[in-house]
Amino acid sequence: MSFRKYKRYVEEGDVVAIHMGRDTLKAVTVVKDEIQSNKLGSFPHNDWIGREYGSKVYSKKGSFVYLLHPTPELWTLMLPHRTQILYLADISFISAYLELKPGSRMIESGTGSASFSHSIARTIAPTGHLFSFEYHEERANLARQEFKDHGLDDLITLTHRDVCKDGFGLSDTVNAVFLDLPAPWEAVESAKKAFKQHRTGKICTFSPCIEQVSKTVAALNEHKFVDITMFECLIRNQEVYSVKKLTVDHAIQNIRHMDARRKENKAKAKRSIDEVNEEEPVPVSVSPVDEDDIPDMTISRTRLEMKGHTSYLTFATFLPVEAGTAPAATE
Amino acid sequence: MSFRKYKRYVEEGDVVAIHMGRDTLKAVTVVKDEIQSNKLGSFPHNDWIGREYGSKVYSKKGSFVYLLHPTPELWTLMLPHRTQILYLADISFISAYLELKPGSRMIESGTGSASFSHSIARTIAPTGHLFSFEYHEERANLARQEFKDHGLDDLITLTHRDVCKDGFGLSDTVNAVFLDLPAPWEAVESAKKAFKQHRTGKICTFSPCIEQVSKTVAALNEHKFVDITMFECLIRNQEVYSVKKLTVDHAIQNIRHMDARRKENKAKAKRSIDEVNEEEPVPVSVSPVDEDDIPDMTISRTRLEMKGHTSYLTFATFLPVEAGTAPAATE
Amino acid sequence: SEDFPHIKADQCLFLTLPSGNVKQITLKPDTKIPLGKFGTFKANALIGQPFGLTYQILNNSGDIKPVRNTALEDIESTEANNREIFDSKDAQKLTHEDIEKMKREFPDEADEESIIKKIIESHSSFEKKTEWSKAKYVQRKKKKFSKEFTPMRPTLYSVAEYFFERNPEKIGFLRVDTLAQILNFANVHAEARYLVVDDTQGLLISAVAERMGGYGQIMGIHDGLSSNYDVLRYHNFSKRVLDTISTLPWTMVDKDEPTSDGWVEFTEEEFEALTDREKINYTRRRKTVKRIEAARAILNEGGFDGLIVASQYLPMSILDRLLPFVAGSRPVVIYNINKEVLIDAFLHMRSSNEYVGVQMTESWLRRYQVLPGRTHPEMTTSAGGGYILSAYRTFDTPNPHLEASKS
Amino acid sequence: SEDFPHIKADQCLFLTLPSGNVKQITLKPDTKIPLGKFGTFKANALIGQPFGLTYQILNNSGDIKPVRNTALEDIESTEANNREIFDSKDAQKLTHEDIEKMKREFPDEADEESIIKKIIESHSSFEKKTEWSKAKYVQRKKKKFSKEFTPMRPTLYSVAEYFFERNPEKIGFLRVDTLAQILNFANVHAEARYLVVDDTQGLLISAVAERMGGYGQIMGIHDGLSSNYDVLRYHNFSKRVLDTISTLPWTMVDKDEPTSDGWVEFTEEEFEALTDREKINYTRRRKTVKRIEAARAILNEGGFDGLIVASQYLPMSILDRLLPFVAGSRPVVIYNINKEVLIDAFLHMRSSNEYVGVQMTESWLRRYQVLPGRTHPEMTTSAGGGYILSAYRTFDTPNPHLEASKS
């Protein structure tokens, strides 16, 4: 089982993404004779082995879950959070801007909860390599184990190191650098050395506050990076609803109904006093609008609350060293 | 004629907003015997006098324009630009946040092209007052004349002054302050004095760059303004289009048509060589999809290009002076 | 000439609490106002005071004193970072029970400052935190234990914000920036007359009333037998302002509809002949009929300076009935949270000669945190501000030159 | 193992011009490349050079030299402001004719630097401007007169940006952030097989191909008799990458459709009996038939690792035909600029047991200017990035316990 190559059928030892209804996912490793218990019921792993991914499997009680093949995108939705993580909008845009593809060699720091790491490894496989740096020892160890469990360890070199203090220790190696650090500007100089020196490379820093962006831009500029620019990207989830095509005619009919009911109740009250005949039901002469008679219209709009900001993405281009050394360039 | 009070019929001396088709407006002062010439034709003013606002009036050639009553919103769309101006999105949000209403007393600086000034005067009439400051002499004179022409001069006091250097010269006077200046932080101290001291007041600064916001926030904080916050607001215009409900069946029919035509052309070419009979039209056995047979669907989306940013709106609250002097407040 | 610069008895008031939540109260004199876990305070202590100051509850009697508002602080970053800290709850040695005990045993000491200080002292790795996370931690604890509140002036803005945060459905999801745009698109101002269809429980009509300041007329057309403009009462409008508002149900828009089918005006003799109970009923009924007759007279005068709509009913069904009452060149402004609801009317207006300047707009708003060194947009935001369809009403006047050539 | 680190002969190339515009060229060796008013340069001078450097055209022969890229400059604000300046054109005393004359008379002097210097000297109120407006003025003039260009590597990002800026309709208005999201929603990677419906003239299929790097298979289903993936050629893909792409017209998706109705395979004798012209025709025809047969074999193998759609056809009509070819748990990702086009399929997928994780998303992108002291979002922006409908394909497997209890 691996996050970078699909398989068709579930086998023992696979990490399976259990889908338990809208937006509920859980990563489970398939072990013979084990039973997965969740809010929906108990699901014996033995029922899963040999099944095609995408299948529905049932508990004794008849409730069901779907067995999904793990992907970096699903992992982002079910991973254990050790830090704030990157989601699909930022991950996909950064991957495109940094020109990631099979064969890319890249630095990321820090590894964090390894949401982005999984996505990078998938994209640069089979021939690329990711150099991932994490300054928090426990987080580094947890991520290293995950990469092993998910069949990504040959693609990722994980180093426990404070890159702002000690640098990356790489030279002339990578096409792309991603910095998710409190002070990314401290790592820019070392990042510059790590780029392949004979060709262009791309760097991205990820910072929630605009003041961090300003400091990073200054550092990138000082170290002669070019095409410095900055983006924000977000994804807005859309929902579809059905609403009634209410018109003023409906309003008027309902008013007439209320008015008739009021009058008839008054008449009834009067009659009750006069004739003491409360049993008799009073028919209301005007009926209210029947909801079922009103045609529907389909409308769609963004969910009421949405993510408003994740981080600012600052990008720049590393220029090949020829630019500086070519004698023609010195005027 | 006045921008702050509607009238029903066009009279001589009125400023009329001539609507010449989608998004084309022109302000014209009605003068007896004059003729308004534009791309659509020549329109005698005499035809307009006595007409109800909203009427269509015609040129000799039969082209037409509509006579609209001037409003601050229409003025924003047709005013002479002396500077960058504020538009409805920012104007309306600032007006709401600054709690403008009849009776409000307000400072704005600079007057600029007076787009916002017209809107403010309309909103605070009949009992409020606007103190407008402009540091550019020629602009100040032009705006002063406009206020007079538009019947707003009793509501607006316009001063030509560099408020960052010389302050507003007002004390204990206003409920609201709006600063559209390159360095609004330089005017914060003087603005503080201008607020009515016994009650809360609101201040807004309008700056395109985030660095200006930071400096302003620091100044507001230093001068003990509270509830410092910042917004951006925009308006996105929506367009409605009609698109064809194309399905793969249509694609397939068109492919079959192309295929049949290709085969029949080949056969025809062959026949031409054999029999030299080019005149005969070759019927194509499969007809292409007729566009008119495909049902439409209505879709709507934002125009392709939209305004992405105007300025950051920084807001803060002036606290009544009691806060500082009340002995209980000093701990 | 201000309506009221200071806090009045019996007014509707918003209190901002340390949690950032807003509580709505009515300030009844000689009562104590309960603020849940934050304690109670004496209503009289606020009457006559300015809005916007922050008060602390001093004791169980409900005495209060003004305190300095929290200003922004510039947090210097330090050498520490979160490298070696797992921010688990174990790091905090003081339990909730300890804190409650402290409050009981040393009531004088147990004010916000001391409690937070104690909490910090007992946090095993507090010193190792960065300034940023320290600041965050202190703020989190402050929110939990402070007994402060700030009375806020109810305004168009604060009322709209209050309902949007608390119960957006009640007000048709009408966000404050969109409401503000409606007022400008409609050129709402004093000394004018507006026709308003408000299914936002009065949020819209309140905003129009605030912008008119008691000068002019508002005609509200409503569904149901009587109007439901609950939001109006939050504004503490004067009688002068409220008197500018008239209302009619949809049934009364039709000129041929009788105001009251069973109603006969009595002569003085007939009235005197009634029983006391009948007199009360007659007088009540007469007042209602006169109110409706007066409102219908205002509506039928026509020539309104704008039609402003935030309704659950399809716009075309509203325009069909109300456009005739709108004067030429006046704005027609229709709000809906759903674009789809406006599209038919948008297409109709675009192709009709009865409107110019037709546009459908979406509003977009973004709020920022502006702490020094930590400026960023808010991490969560409301998704949509809805849509506004706006236009100016025109007349499809025939060409007099053509008329002339015909004759 | 890089495809090509440096600029190659005959490749497709983007040149960024001083105006910010991008020009697309094919680098034919031994030719001169015309850049309109910026002059021409020798193609050979770029071959073998790295991408990303900025070059200046030195003379009419088309020689070029690398120059420093413009870095950011921190503009100090000065005491001057725009108070006394009306920025009219009269302030500039040098006319366009003067400048052209200068260029003719002093060709050596007439480089960018000197021209701009002359222009500044002749600007009557230049010294009175603020640093900000000075910087803006110089930049405006630089854009007009500089003869610089920067060759850019065509990548997924730069190709998408090029078409979106230049001709968004051609690529179905597919913005680069949305394209990037499609690739992630679809988990596109090497060593997998994807079914792609691309009516964006190849933008989508190119992006998928770039992310697969020549490992795996792509099956493109197209309308018309043959595919129109014009954008592919901008990527300069190697044969290895291009060989992973097969295509079929919509008619060939149906298993019962004959590959070619009139086609009969000749024996060797029959072939030898043909005339030369017939032989050429037969060979050409045979190649086409074999290509289609091979592609159909790939399609009918089924079990694709994803269905990725950016099409003008309604999603349901596509899903009906292509879902059976998709393996379990694999992503189905459908893009459209219009939300309305996706709604039927969204509702269907939500209520069907053949999909889980169904969502419809809108992408949102904002670019900033990040000049020191002058950071702000771009003043105009593209309005919409369109919508993505995405889900995972599942099987509505029956409950074996129920089956067992039945028997």
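Lettering follows sequence order; numbering is per chain, from 1.
- The shortest distance between side-chain heavy atoms of C/N353 and B/K56 falls below 4.5 Å.
- Residues B/E99 and C/R153 meet the side-chain proximity criterion, which asks for heavy atoms closer than 4.5 Å.
- Top candidate by heavy-atom pairs under 4.5 Å with chain C, chosen from B/S300, B/A89, B/S214, is B/S300.
- For the options C/G328, C/S329, C/S158, heavy-atom pairs under 4.5 Å to chain B are most numerous at C/S329.
- Here B/E239 pairs with C/R350 in a salt bridge; the nearest charged N to carboxylate O distance falls below 4.0 Å.
- Chain B forms the most heavy-atom pairs under 4.5 Å with one residue out of C/D396, C/T16, C/V176, C/I182, and that residue is C/D396.
- Across all their heavy atoms, C/P400 and B/R51 have their closest contact at CG-NH2, 4.2 Å.
- Once rounded to the nearest 0.5 Å, the distance linking CD of B/E52 with OG1 of C/T394 reads 11.0 Å.
- Residue contact with chain B, scored on non-hydrogen atoms closer than 4.5 Å, is absent for C/L179.
- Smallest separation of non-hydrogen atoms from B/L88 and C/Q181: CD2-CG, 3.9 Å.
- When each of C/R193, C/M212, C/E354, C/R393 is scored by its heavy-atom pairs under 4.5 Å with chain B, the top score falls to C/M212.
- Figure legend: C/R330 and B/Y6 shown as a cation-pi pair, the cationic atom lying under 6.0 angstrom from the six-membered ring centre and within 45 degrees of its axis.
- Neither the backbone nor the side chain of B/S104 comes within contact range of chain C, judged by heavy atoms closer than 4.5 Å.
- Closest non-hydrogen pair, C/T397 versus B/Y58, comes out as O-OH, 2.5 Å.
- Pairing each heavy atom of B/P126 with each of C/A190, the nearest pair is CD-CB, 3.6 Å.
- B/Q238 has its side chain out of reach of C/F346: every pair of non-hydrogen atoms, C-beta onward, lies at least 4.5 Å apart.
- From B/I124, atom CD1 reaches atom NE2 of C/H189 across 13.0 Å, with rounding to the nearest 0.5 Å.
- With respect to chain C, the highest number of heavy-atom pairs below 4.5 Å among B/T200, B/I235, B/T298, B/I91 belongs to B/I235.
- Interface remark: C/Y387 contributes side-chain atoms only to the contact with chain B (heavy atom separation under 4.5 Å).
- Between atom CD of residue B/E232 and atom CG of residue C/D177 there is a gap of 12.5 Å, rounded to the nearest 0.5 Å.
- Proximity to chain B (any heavy atom under 4.5 Å) is shown, for C/V358, by neither the backbone nor the side chain.
- To the nearest 0.5 Å, atoms CD1 (C/I7) and CZ (B/R199) are separated by 12.0 Å.
- Side-chain contact between B/T127 and C/Y215 is present, with at least one heavy-atom pair separated by less than 4.5 Å.
- You'll find the side chain of B/P320 reaches within 4.5 Å of the side chain of C/L53, heavy atoms only.
- Between the CG atom of B/D90 and the CG atom of C/N184 there is a distance of 11.0 Å, given to the nearest 0.5 Å.
- With a threshold of 4.5 angstrom between heavy atoms, B/F318 does not approach chain C through any atom at all.
- Looking at every heavy atom in both residues, B/H198 comes nearest to C/H6 through O-NE2, 3.0 Å.
- Contact check for B/T314 versus C/V370: no side-chain heavy atoms found under the 4.5 Å cut-off.
- Contact annotation: the side chain of C/Y392 never approaches that of B/Y53 to less than 4.5 Å [non-hydrogen atoms, C-beta and beyond].
- Counting only heavy atoms from C-beta outward, the side chains of B/T229 and C/R367 approach each other to under 4.5 Å.
- Both the backbone and the side chain of C/L365 come within contact range of chain B, judged by heavy atoms closer than 4.5 Å.
- C/R211 places a side-chain N or O within donor-acceptor distance of the main-chain N or O of B/L100, the cut-off being under 3.5 Å.
- To the nearest 0.5 Å, the span separating CG on B/N237 from CE on C/M360 amounts to 9.5 Å.
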### Task
Give the intermediate values and the outcome of ring-ring contact (aromatic ring centres under 6.0 Å, His included) for residues C/F395 and B/Y66.
CA-CA 8 Å; C/F395 301 109; B/Y66 289 96; 9.4 Å; no
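- Contacts of B/S242 with chain C are absent, with no heavy-atom separation under 4.5 Å from either backbone or side chain.
- Looking at every heavy atom in both residues, C/T375 comes nearest to B/I210 through CG2-CD1, 4.1 Å.
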